[in-house]
Amino acid sequence: MDPLGDETSSENLDQAFLALADPIRRHIIARLSKGPATVNELAEPFEISKQAVSKHIQVLEHAELVTRSRDAQRRPVHLNPARLEALTAWIGQYRLVREEQFRSLDAVLRAQAAATGGPQAKDPP
């Protein structure tokens, strides 16, 4: 099963990773991991305009990494944890494949070391 959903998951991945490629947007994501914030609050640490921060938020919204809600006159921005979990799951499936390949390589190297009496003959701790 594709953790990102439908047949457009390749496009969804592209949008998400392009959004995360920018350091300002990554900082915004990191800040939102602590809780919702307004555009003004998100703009504070940057030396760019609030309009520029709003554009960064729009990119993150388009990638479905964040959402906005209405709270009276405030429009807080929220992290979309389900989307981040889907990205993590996608990355994780490849990490598991690589880990298995490394375990297989370790086993081959231990077998070779044992056959030649080399120092690598011991099992790892």
Participant: Report the distance from atom CD of Gln93 to atom OG1 of Thr88, rounding to the nearest 0.5 Å.
Facilitator: 12.0 Å

Participant: With clusters defined by side-chain heavy atoms of hydrophobic residues (ILVMFWY) lying less than 4.5 Å apart, directly or transitively, does Phe17 cluster with Tyr94?
Facilitator: yes

Participant: Within the supplied structure, the quantity of interest is the number of heavy atoms (other residues, nucleotides, ligands) at a distance under 6.0 Å from Arg98 CZ; does it exceed 12?
Facilitator: no

Participant: Give a yes or no on whether the backbone of Arg75 and the side-chain of Arg68 come within a donor-acceptor separation of less than 3.5 Å.
Facilitator: no

Participant: Distance check, rounded to the nearest 0.5 Å: Ser33 atom OG versus Ile28 atom CD1?
Facilitator: 12.5 Å

Participant: Looking at CG of Leu13 and CD1 of Ile91, how far apart are the two atoms once the value is rounded to the nearest 0.5 Å?
Facilitator: 8.5 Å

Participant: Got a second to check how far Ile57's CD1 is from Leu65's CG, nearest 0.5 Å?
Facilitator: 12.5 Å

Participant: Report whether Val59 and Leu87 are members of the same hydrophobic cluster (ILVMFWY, side-chain heavy atoms less than 4.5 Å apart, transitive linking).
Facilitator: no

Participant: Identify the two heavy atoms, one from Arg83 and one from Ala63, that lie closest to each other, and give their separation to 0.1 Å.
Facilitator: NE-O, 3.0 Å

Participant: Mind listing the closest non-hydrogen atom pair of Arg31 and Pro36 along with its distance?
Facilitator: NH2-O, 3.6 Å

Participant: Would you sort out whether Leu105 and Gln101 count as a side-chain contact (heavy atoms from CB on, under 4.5 Å), showing the intermediate values?
Facilitator: CA-CA 6 Å; Leu105 178 60; Gln101 290 171 338; over 6 Å; no

Participant: Measure the spacing between NE2 of His56 and CD of Gln51 and express it to the nearest 0.5 Å.
Facilitator: 12.0 Å

Participant: Would you kindly confirm whether Val66 and Leu18 end up in one hydrophobic cluster when ILVMFWY residues are joined by side chain heavy atoms under 4.5 Å apart?
Facilitator: no

Participant: For Ala19 and Arg25, which heavy atoms make the closest approach, and how far apart are they?
Facilitator: O-NE, 2.8 Å

Participant: Taking Arg26 for its side chain and Leu20 for its backbone only, find out whether a donor-acceptor pair lies under 3.5 Å.
Facilitator: yes

Participant: Got a second to check how far Leu42's CG is from Leu32's CG, nearest 0.5 Å?
Facilitator: 5.0 Å

Participant: Please step through side-chain contact (heavy atoms from CB on, under 4.5 Å) for the pair Glu41 and Val77, ending with a clear verdict.
Facilitator: CA-CA 10 Å; Glu41 293 167 340; Val77 181; over 6 Å; no

Participant: Specify whether His27 and Phe46 have parallel, tilted or perpendicular ring planes, treating 30° as the upper limit for parallel and 60° as the lower limit for perpendicular.
Facilitator: perpendicular

